[in-house]
Amino acid sequence: MKITQLDPFILHVPVTRGGIADSTHSVTHWGMPGVVIRTDVGLSGFGYCGTHAHLPSDKLITSAMTDLFGPLLIGQDPRKVRHLYRAMDREPVNIWIGRAGVTQMALSAIDIALWDLKAKAADQPLWQLLGGDPEKRIVGYNTDGGWLNWPTDQLVDDCKRMIEVEGFHAVKMKLGKPQPMEDLRRVEAVRRAIGDDARLMVDANGKWHLADAMQYGRRLRDYDVTWFEEPLWHDDVTNHATLAKAIDTPIALGELLYNVDQFRPFIEAGAVHYVQPDVMRLGGITAWLQVAELADAHRLPLVPHHGDMMQAQIHLCIAHRSCWMLEYIPWTLDCFEEPARVVDGAYTTPTQPGAGTTLRDDALARFNVLT
Ligand code: 0YR
Ligand code: MG
């Protein structure tokens with residue numbers, strides 16, 4: 001089997017109720033810059049990353065896919081994905097201008113498409129190719145009601161509905177109001193509404209500084225918060241390590257880290273308790289498995305960020321022993337042939353061959369903005 005062609009796309013898909021916000025981002029559409037990798041045997045692999053639908057930067061990502069990495073792939077057998085990953089990662093231009101940001105997200109999308117092809121060629125869902133157990137229960141936790149721009153009554157209603165009506169056992173809400181006391185009042189209101197048994201997580205998306213995080217983060221214990229996510233600036237190992245020792249609530253982070261070398265110091269410093277890689281940012285499935293092994297070697301649970309909209313990562317969570325929970329945000333379910341599904345609080349096991357990333361034809365027709 002040989003790669004013959006790379007066809008880029010950029011989907012912009014509307015989010016819930018016209019727009020959501022966390023402490024850093026206001027988002028109206030979820031962006032999926034991606035690529036269809038075609039082969040001479042008729043199989044196609046689908047890969048993409050996730051953005052806040054900023055078209056000029058989405059185009060930089062697709063151009064890195066086709067112009068930087070594409071020439072290394074044409075004529076190659078996609079089933080050699082680990083070998084091809086290394087060739088792309090070590091490509092001199094990538095070493096010089098890449099290894100993070102735009103180029104790493106392009107590499108992630110390509111790696112996902114290659115694994116999709118490898119699993120399709122094996123006629124197996126990716127979790128099976130990787131040795132996973134279809135009976136394994138991966139808990140879905142829902143973030144799509146916890147937004148910072150929701151007034152408190154809407155936040156409370158949404159979190160209650162997700163638990164009581166939709167069957168989730170866990171929800172996450174955003175922090176980052178101008179006054180931390182307002183955040184704590186919102187956490188208290190949600191905890192009161194969802195009862196003691198449901199898990200509640202909070203996420204500051206890197207907004208707080210260490211002083212507030214120590215003073216107010218300590219009080220999250222009163223609401224039995226499972227983890228405090230990205231409390232501090234994304235790259236700050238030292239302050240996260242200080243915070244982790246100062247408060248009782250465990251720390252989660254990793255959604256903005258680009259490779260295993262960025263995870264290692266956090267893990268070694270004891271600065272993270274829940275490791276949160278995102279397959280669409282840190283170099284695809286090949287690199288995700290590397291981070292999963294690192295976390296597992298330190299006996300830390302892996303709870304991936306939702307950035308590929310769960311499609312490939314549900315396969316990886318089923319396959320890897322360090323995972324038991326995966327974020328859930330349902331914005332792009334209409335786009336996929338086999339969309340991720342949560343029933344009674346847990347994901348169903350995908351059945352189609354591949355990595356779960358195959359797009360429906362009408363998704364390309366409706367949402368592609370790349371001309
Ligand atoms: C909006 N999940 C997150 C949303 C999410 C963001 O930017 O995608 O809040 O990525 O932090 O844990
Ligand atoms: Mg987050």
Side-chain angles (χ1 to χ4, degrees), residues 1-3 34-39 41-49 76-86 108-141 275 277-280 282-297 301-328 332-333 335-360:
M1 178 167 36
K2 284 194 168 54
I3 295 170
V35 65
V36 186
I37 300 184
R38 314 234 181 245
T39 65
V41 297
L43 290 176
S44 296
F46 291 72
Y48 50 84
C49 54
Q76 298 288 335
D77 185 334
R79 292 170 296 186
K80 299 188 302 185
V81 49
R82 287 177 190 273
H83 167 84
L84 294 172
Y85 180 89
R86 193 164 178 85
S108 306
I110 288 176
D111 179 86
I112 293 167
L114 295 175
W115 278 98
D116 185 40
L117 274 168
K118 188 173 174 69
K120 282 172 176 164
D123 200 27
Q124 291 180 350
L126 181 62
W127 60 260
Q128 192 170 33
L129 185 72
L130 295 174
D133 175 3
E135 301 298 322
K136 184 175 171 192
R137 182 182 157 86
I138 302 295
V139 172
Y141 80 82
V275 180
D278 193 320
V279 71
M280 64 84 182
L282 63 63
I285 288 161
T286 305
W288 190 102
L289 292 169
Q290 218 182 351
V291 170
E293 290 294 312
L294 178 71
D296 196 48
L302 206 82
V303 185
H305 176 248
H306 71 89
D308 71 322
M309 304 317 272
M310 304 81 68
Q311 292 294 132
Q313 286 184 128
I314 183 56
H315 290 257
L316 303 180
C317 288
I318 291 169
H320 203 279
R321 61 197 171 282
S322 63
C323 301
W324 57 281
M325 203 181 198
L326 172 62
E327 187 167 16
Y328 180 82
T332 61
L333 300 181
C335 295
F336 296 99
E337 280 195 356
E338 190 180 27
R341 253 183 93 213
V342 173
V343 177
D344 295 333
Y347 283 88
T348 56
T349 298
T351 58
Q352 284 189 9
T357 49
T358 303
L359 292 168
R360 294 164 49 127

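We're numbering straight along the sequence, starting at 1. These figures come from a predicted structure and were not determined experimentally.
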Checklist entry - Is there a side-chain contact (heavy atoms from CB on, under 4.5 Å) between M310 and Y347 once you walk through the steps? => result CA-CA 10 Å; M310 304 81 68; Y347 283 88; 3.3 Å; yes
Checklist entry - Run the side-chain contact (heavy atoms from CB on, under 4.5 Å) check on L316 and L126 step by step: do they pass? => result CA-CA 8 Å; L316 303 180; L126 181 62; 4.0 Å; yes
Checklist entry - Does the side chain to side chain donor-acceptor pair (under 3.5 Å) test come out yes or no for R341 and T348, once each step is laid out? => result CA-CA 6 Å; R341 253 183 93 213; T348 56; 4.8 Å; no
Item to check | CA sep, side-chain torsions, deciding dist, call: Q290, L282, side-chain contact (heavy atoms from CB on, under 4.5 Å) | outcome: CA-CA 10 Å; Q290 218 182 351; L282 63 63; over 6 Å; no
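For M1 against A121, the heavy-atom pair with the smallest separation is CE-CB, 3.5 Å. Looking at every heavy atom in both residues, A119 comes nearest to P125 through CB-C, 4.4 Å. Between G140 and V342, the shortest heavy-atom contact is CA-CG2, 4.4 Å. What you find for D116 and G45 is that their closest heavy atoms are OD2-CA, 3.4 Å. Residues T349 and P134 approach most closely at OG1-O, 2.8 Å, considering heavy atoms. W127 approaches P350 most closely through the heavy-atom pair NE1-O, 2.8 Å.
Contact of the V303 side chain with the E327 side chain is not registered, since no non-hydrogen atoms from C-beta on lie closer than 4.5 Å. Taking 4.5 Å as the limit, every side-chain heavy atom of R360 sits out of range of all side-chain heavy atoms of C335. For the pair I112/V279, a side-chain contact is recorded, criterion being any heavy-atom separation below 4.5 Å from C-beta on. For the pair D278/Q313, a side-chain contact is recorded, criterion being any heavy-atom separation below 4.5 Å from C-beta on. When side chains are defined from C-beta on, K120 does not count as touching W115, because their heavy atoms never get closer than 4.5 Å. When side chains are defined from C-beta on, V139 does not count as touching L326, because their heavy atoms never get closer than 4.5 Å. Counting heavy atoms from C-beta on, the side chains of K118 and K80 never come closer than 4.5 Å. In this structure, the side chains of H315 and L130 stay at 4.5 Å or more apart for every pair of heavy atoms.
R321 CZ to K136 NZ: the interatomic distance, rounded to the nearest 0.5 Å, is 9.5 Å. Residue E337 holds its CD atom at 10.0 Å from OG1 of T357, rounded to the nearest 0.5 Å. Rounding to the nearest 0.5 Å gives a distance of 14.5 Å between CD of Q124 and CD of Q352. Expressed to the nearest 0.5 Å, how far CD1 of I285 lies from CG of L289 amounts to 7.5 Å. To the nearest 0.5 Å, atoms OG1 (T286) and CG (L84) are separated by 9.0 Å. One finds the OG atom of S322 at 4.0 Å from the CG atom of L302 (value rounded to the nearest 0.5 Å).
Atom CG of D344 sits in a sparse spot, with 12 or fewer heavy atoms from other residues, nucleotides or ligands closer than 6.0 Å.
Between Y48 and F336, the ring centre distance stays below 6.0 Å.
For the residue pair E338 / T358, no side-chain donor-acceptor distance below 3.5 Å is found, with atom types taken as modelled. Counted by atom type alone, Q76 and H83 present zero donor-acceptor pairs between their side chains at under 3.5 Å.
Side-chain atoms of Q311 come within 3.5 Å of backbone N or O of A340 as a donor-acceptor pair.
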